[in-house]
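This report concerns only the one structure given below.
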2 protein chains.
Amino acid sequence: MPKTVDHTERRAGIADALVRVAARDGLHAVTLRAVAAEAGVSLRLVQYYFETKAQLLHGTLLLLEERSRTRWAARLAALPRPVPARAYVEAFLAEALPTDERSRAFHLVWTSYAVLAMTDPELAGQPFVAGPARLERELTGVLRHARASGELAADRDPATEAARLLAVNHGLGTSVLVGQRGPDDAMEVLRYHVGRLFDG
Amino acid sequence: MPKTVDHTERRAGIADALVRVAARDGLHAVTLRAVAAEAGVSLRLVQYYFETKAQLLHGTLLLLEERSRTRWAARLAALPRPVPARAYVEAFLAEALPTDERSRAFHLVWTSYAVLAMTDPELAGQPFVAGPARLERELTGVLRHARASGELAADRDPATEAARLLAVNHGLGTSVLVGQRGPDDAMEVLRYHVGRLFDG
DNA sequence: TCCTTCATGGTACACATGTATCATATCAGC
DNA sequence: GCTGATATGATACATGTGTACCATGAAGGA
């Protein structure tokens, strides 16, 4: 075998270019040629590493989800054990809000794709619904445990509280993305919410 | 002047066709020809009543917002005076969740357009950010008044609570649109939230 | 050394889309 | 009844897009 190129790395470079284009001009502006130009490669190369456009998008989303999972795991590892529910929740919220540029790009691409999945049953199955659903289950478990240990008040419903947390988080994220609110203001509201949750 | 046709009505018919196409196939599938076919008119007619595609989208969004405002006013008119804050909030939440098919189409189009506005500064100005912002101000006012009258606890911050309400509402709306949750479950969470807000 | 396979460049093709243009029927007003 | 503006039909055009095809350099194994 000749030339020997790291496909994973090449694919990551192209996927990053896609994310940059999408974050700058929107997902509708993501064309094979635009991604190729942004990545500094030829159109043919994008075709070579991702057979089709659907696979390009799919692969990019998978990469984003994997990185998100990694960051989340790193945050969790930095917490004391056993993990206090409040620290867990706050770590989650700090991760799931578009604060810096990278995070903004991530959430923008994700949200755009979610909107596509709303009408395309082909896309609906994949992790773009399952990811948040999984997070919600995990959060529910943490809150349930916290309630059992007395960290959370007994009259709180873990499942509903988890749904509420994800909902308020997503809603604030959207308001930041559209420029209605700054990340700091959004974080303020989230802190208020968490404070209410644990301190009543 | 000949023929005399009601332009407003014609435009409304075409705009409705656009909403149907967008709700069924997504905003990316909204093409002049698709809208024309859905409306049962020729491509030329769509061009005639909306000079350009941007104006078609813009006009449709304006129509949707006007109708939304009308429905909201009707709900408000049905409430007893002076309006109890809790009733006001519950009316708002009942309106702002994609329950039936019409509401789902409305929210889907709105969300899709909001995603476009995230990267297109041309679109960012229009009511698609101002609408929710205005609602948030109104809600803040109602909650402030409620706090003054004792209907809302004194340790609640009206502005933050309003932001939180809109955020959780939007987040739940999105989860319904992507099929993660049914409208009933979402309404359940909202009721829980409102209950917490007023009853502690 | 040669040859097969990988990596990459260039380009053509079919198709959809927004917009512009030409044509025509219909009817109000003089 | 004539006329001119209105409403609508049909179609052409330039452009962008995803995909397919052909060619070629590069390098490791026989």
Side-chain angles (χ1 to χ4, degrees), chain A residues 1-22 24-61 109 112-113 115-117 119-120 122-123, chain B residues 1-22 24-61 109 112-113 115-117 119-120 122-123:
Chain A
M1 293 167 186
K3 219 24 185 343
T4 204
V5 170
D6 187 345
H7 272 226
T8 305
E9 190 181 353
R10 267 283 198 259
R11 285 167 61 95
I14 295 175
D16 284 336
L18 187 154
V19 172
R20 287 198 299 275
V21 172
R24 174 167 18 96
D25 305 324
L27 195 58
H28 63 275
V30 167
T31 170
L32 292 187
R33 287 168 178 84
V35 172
E38 176 75 27
V41 301
S42 74
L43 167 61
R44 181 66 178 83
L45 266 242
V46 180
Q47 284 188 276
Y48 185 71
Y49 288 101
F50 300 89
E51 294 286 333
T52 177
K53 186 183 181 181
Q55 290 184 37
L56 170 61
L57 279 171
H58 188 81
T60 302
L61 265 285
V109 174
S112 303
Y113 208 74
V115 168
L116 288 188
T119 52
D120 191 336
E122 192 83 9
L123 304 181
Chain B
M1 297 167 183
K3 217 23 184 341
T4 204
V5 171
D6 187 346
H7 273 225
T8 304
E9 188 182 353
R10 267 277 197 263
R11 286 167 61 96
I14 295 175
D16 284 337
L18 188 155
V19 172
R20 286 198 299 275
V21 172
R24 174 168 16 99
D25 305 324
L27 195 58
H28 63 277
V30 167
T31 170
L32 293 187
R33 286 169 178 84
V35 172
E38 176 74 27
V41 301
S42 75
L43 167 61
R44 181 66 179 81
L45 265 247
V46 180
Q47 285 187 275
Y48 185 71
Y49 289 101
F50 299 89
E51 293 287 332
T52 177
K53 186 184 181 180
Q55 290 184 37
L56 170 60
L57 279 171
H58 188 81
T60 302
L61 265 285
V109 173
S112 303
Y113 208 73
V115 169
L116 289 187
T119 51
D120 191 337
E122 192 84 10
L123 304 181

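So you know, we letter chains A, B, ... as the sequences are listed, proteins then strands, and number each from 1.
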*Begin with the C-alpha distance, continue with both residues' side-chain angles, and end with the deciding distance and a verdict on side-chain contact (heavy atoms from CB on, under 4.5 Å) for B:V109 and B:T60.*
CA-CA 10 Å; B:V109 173; B:T60 302; 5.5 Å; no
*Please test B:Y48 against B:H7 for side-chain contact (heavy atoms from CB on, under 4.5 Å), starting from the C-alpha separation and ending with a verdict.*
CA-CA 10 Å; B:Y48 185 71; B:H7 273 225; 4.1 Å; yes
*Stepwise side-chain contact (heavy atoms from CB on, under 4.5 Å) check, A:L43 with A:V35*: CA-CA 8 Å; A:L43 167 61; A:V35 172; over 6 Å; no
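We find that CD of A:Q55 is positioned 14 Å from P of D:dG18, with the value rounded to whole Å. Computed from coordinates, the B:H28 NE2 to D:dT17 P distance equals 16 Å when rounded to whole Å. One atom, OH of B:Y48, and another, P of C:dT24, lie 18 Å apart when rounded to the nearest Å.
Near DNA chain D, meaning a heavy atom under 4.0 Å away, the residues from residues 6-20 of chain B are B:H7, B:R10.
Within the 4.0 angstrom heavy-atom criterion, only backbone atoms of the sugar-phosphate kind lie near B:Y49; the bases stay farther away.
Residues satisfying the side chain to side chain donor-acceptor pair (under 3.5 Å) criterion with B:R24, sequence neighbours excluded, are B:E38. Not a single side chain to side chain donor-acceptor pair (under 3.5 Å) links B:R10 to another residue, sequence neighbours left out. Not a single ring-ring contact (aromatic ring centres under 6.0 Å, His included) links B:F50 to another residue, sequence neighbours left out.
Rounded to the nearest 0.5 angstrom, A:L32 CG and A:S42 OG are separated by 11.5 Å.
Defining each end axis of the helix from C:dT1-D:dA30 to C:dC30-D:dG1 as the rotation carrying four pairs' C1' atoms onto the next four, with five pairs an end, the two axes are found to diverge by 10° to 10 degrees.
The two atoms that bring A:Y113 and A:L27 nearest to each other are N-CD2, 4.0 Å, heavy atoms only.
Between A:D25 and B:T119, the closest side-chain pair of non-hydrogen atoms is not below 4.5 Å.
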_For a quick check, with a 4.0 angstrom heavy-atom cut-off, what is the B/S/- contact string for nucleotides 9-19 of chain C, read 5' to 3'?_
BBBB----BBB
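Here the side chain of A:K53 pairs no donor or acceptor atom with the backbone of A:Q47 at under 3.5 angstrom.
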